[in-house]
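Beneath this line is the structure, given in structure tokens, with notes to follow.
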Amino acid sequence: MIGEVTNVQKGMIEVRSESGEFFRCLLRGKLLQKERTEKNVVAVGDRVLFERLHKDQGIITEVLPRDKCLVRKGAGKKGRHLHQVIAANVDQVLIVVAIKDPPYHKNLIERYITAARGSDLDVTIVFNKADLGLSEETKADIQKYRDLGYRVFLTSTVSNLGIEEVKSALQGRSSVLAGSSGVGKSSLVNAICNSNVRTGEVSDSTHKGKHTTTSSQVHLLPDEGRIIDVPGMREFAISGTEGLDEAFEDIVELSAKCRFRNCTHTVEPGCAVRQAVANGILDERRLQNYLRMKTEV
Ligand code: GDP
Ligand code: ZN
């Protein structure tokens, strides 16, 4: 069967078949070996051939050739060259920011743009929450990005301003979603894809804070086109100290409450960051990403 990878997590690969069924797959021996040595053998967005084994389980026998990918490049651990495929078969990066609540950081937008252009992908920027009132400064920023040649939309998922425009800009394209949490990415995807992504408003105590970072998803547009929402997109563009703290301001904020001022959030007693992970407020993977990136810079 042929399918598309919709999630990769700890060796478990979720594949959606052409008929829309989901399978939990493993890599066949040869591919698994390749993954161990070369990495990046399979990524979200890849088209694969797989065999159904049992019920919803399968084994991937082949990864089909890729079109453009969003790749994170840079200096890895111990000076090794880092080359990580974030999403496969994409043609643009959809950067979502909010005009306020939370405020956008131009620095972070620049980094996403740099990453997109570095992978030869188009850039579309959405300034969401327009209903909260547009400042002169934001108007000027929007104009600046338009002058630079990027497609920029002003939207509100509350009033539906700009939603149809964004929809048509995404139609028939394969976009990877970038943006901090809380800016309205899930709301936007819901408005555009008629799929059902949980937004920040839904509070389900058993899954608290889970939906934000643990699951990669590929959302299909009504006609043609898709939006890939990969965990870690918020972090990937940052490859220097600059911007790191902005991208992880929740962790920075928590760390102010650690018992030790120079807490590394690994072994120290009284660590507010690890406490937040234990309480389910902070995602473990997000903390690991943060710590990894800090050691990389
Ligand atoms: P995500 O973390 O980027 O996926 O953001 P969510 O879609 O979960 O939205 C975060 C919060 O912002 C929720 O409380 C939404 O209701 C709210 N929100 C989303 N879009 C808008 C908007 O256009 N205007 C306003 N005022 N609030 C919005
Ligand atoms: Zn700590």
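One-based numbering, in listed order, for ligands and for the atoms of each. Model, not experiment: these values are computed from the prediction. Numbers here simply count residues along the sequence, with the first being 1.
The closest heavy-atom contact to atom 20 (N) of ligand 1, among the options Val126, Val97, Thr157, comes from Thr157. The residue from Gly162, Ser186, Gly179 that puts a heavy atom closest to atom 4 (O) of ligand 1 is Ser186. Nearest residue to atom 7 (O) of ligand 1 from Ser187, Ser180, Ala191 is Ser187 (criterion: closest heavy atom).
No salt bridge links Arg28 with Glu62; every basic N to acidic carboxylate O contact stays at or beyond 4.0 Å. Salt bridge status for Arg66 with Asp46: present, with a side-chain N to carboxylate O gap under 4.0 Å.
Pairs of residues two or more places apart, or lying in two chains, that qualify as salt bridge (charged side-chain N to carboxylate O under 4.0 Å, His left out) and include a residue from residues 169-189 are Asp91-Arg173, Asp122-Arg173.
For the pair Gly184 and ligand 1, the shortest N or O to N or O distance falls below 3.5 Å. The N/O atoms of Ala130, backbone and side chain alike, include none that comes under 3.5 Å of an N/O atom in ligand 1. Ligand 1 has a nitrogen or oxygen under 3.5 angstrom from a nitrogen or oxygen of Lys185.
Looking only at atom types and distance, the side chain of Ser168 has no donor-acceptor partner in the side chain of Glu164 under 3.5 Å away. No side-chain donor from either of Asp131 and Ser159 sits under 3.5 Å from a side-chain acceptor of the other.
The shortest distance between side-chain heavy atoms of Thr157 and Lys129 does not fall below 4.5 Å. A 4.5 Å side-chain heavy-atom check between Arg151 and Val123 finds every atom pair outside the cut-off. Side-chain contact between Leu27 and Val42 is present, with heavy atoms from C-beta onward closer than 4.5 Å.
Only the side chain of Asp131 comes within 4.0 Å of ligand 1, counting heavy atoms alone; its backbone N, CA, C and O stay farther away. Residue contacts with ligand 1 for Asn128 involve side-chain atoms from C-beta outward but no N, CA, C or O (heavy atoms, distance under 4.0 Å). With a 4.0 Å heavy-atom cut-off, ligand 1 is reached by the side chain of Leu132 but not by its N, CA, C or O.
Excluding waters, the set of protein N, O or S atoms lying under 2.8 Å from the Zn ion (ligand 2) comprises Cys258 SG, Cys263 SG, His265 ND1, Cys271 SG.
Within ligand 1, counting atoms from 1 as listed, the ones closer than 4.0 Å to a heavy atom of Ser156 are 23 (O).
Note: His265 and Tyr290 have tilted aromatic rings, judged against thresholds of 30 and 60 degrees for the angle between ring planes.
With sequence neighbours excluded, the residues satisfying side-chain contact (heavy atoms from CB on, under 4.5 Å) with Arg47 are Leu64, Asp67, Asn89. Residues satisfying the ring pair (Phe, Tyr, Trp, His ring centres under 6.0 Å) test with Phe23, not counting sequence neighbours, are Phe50.
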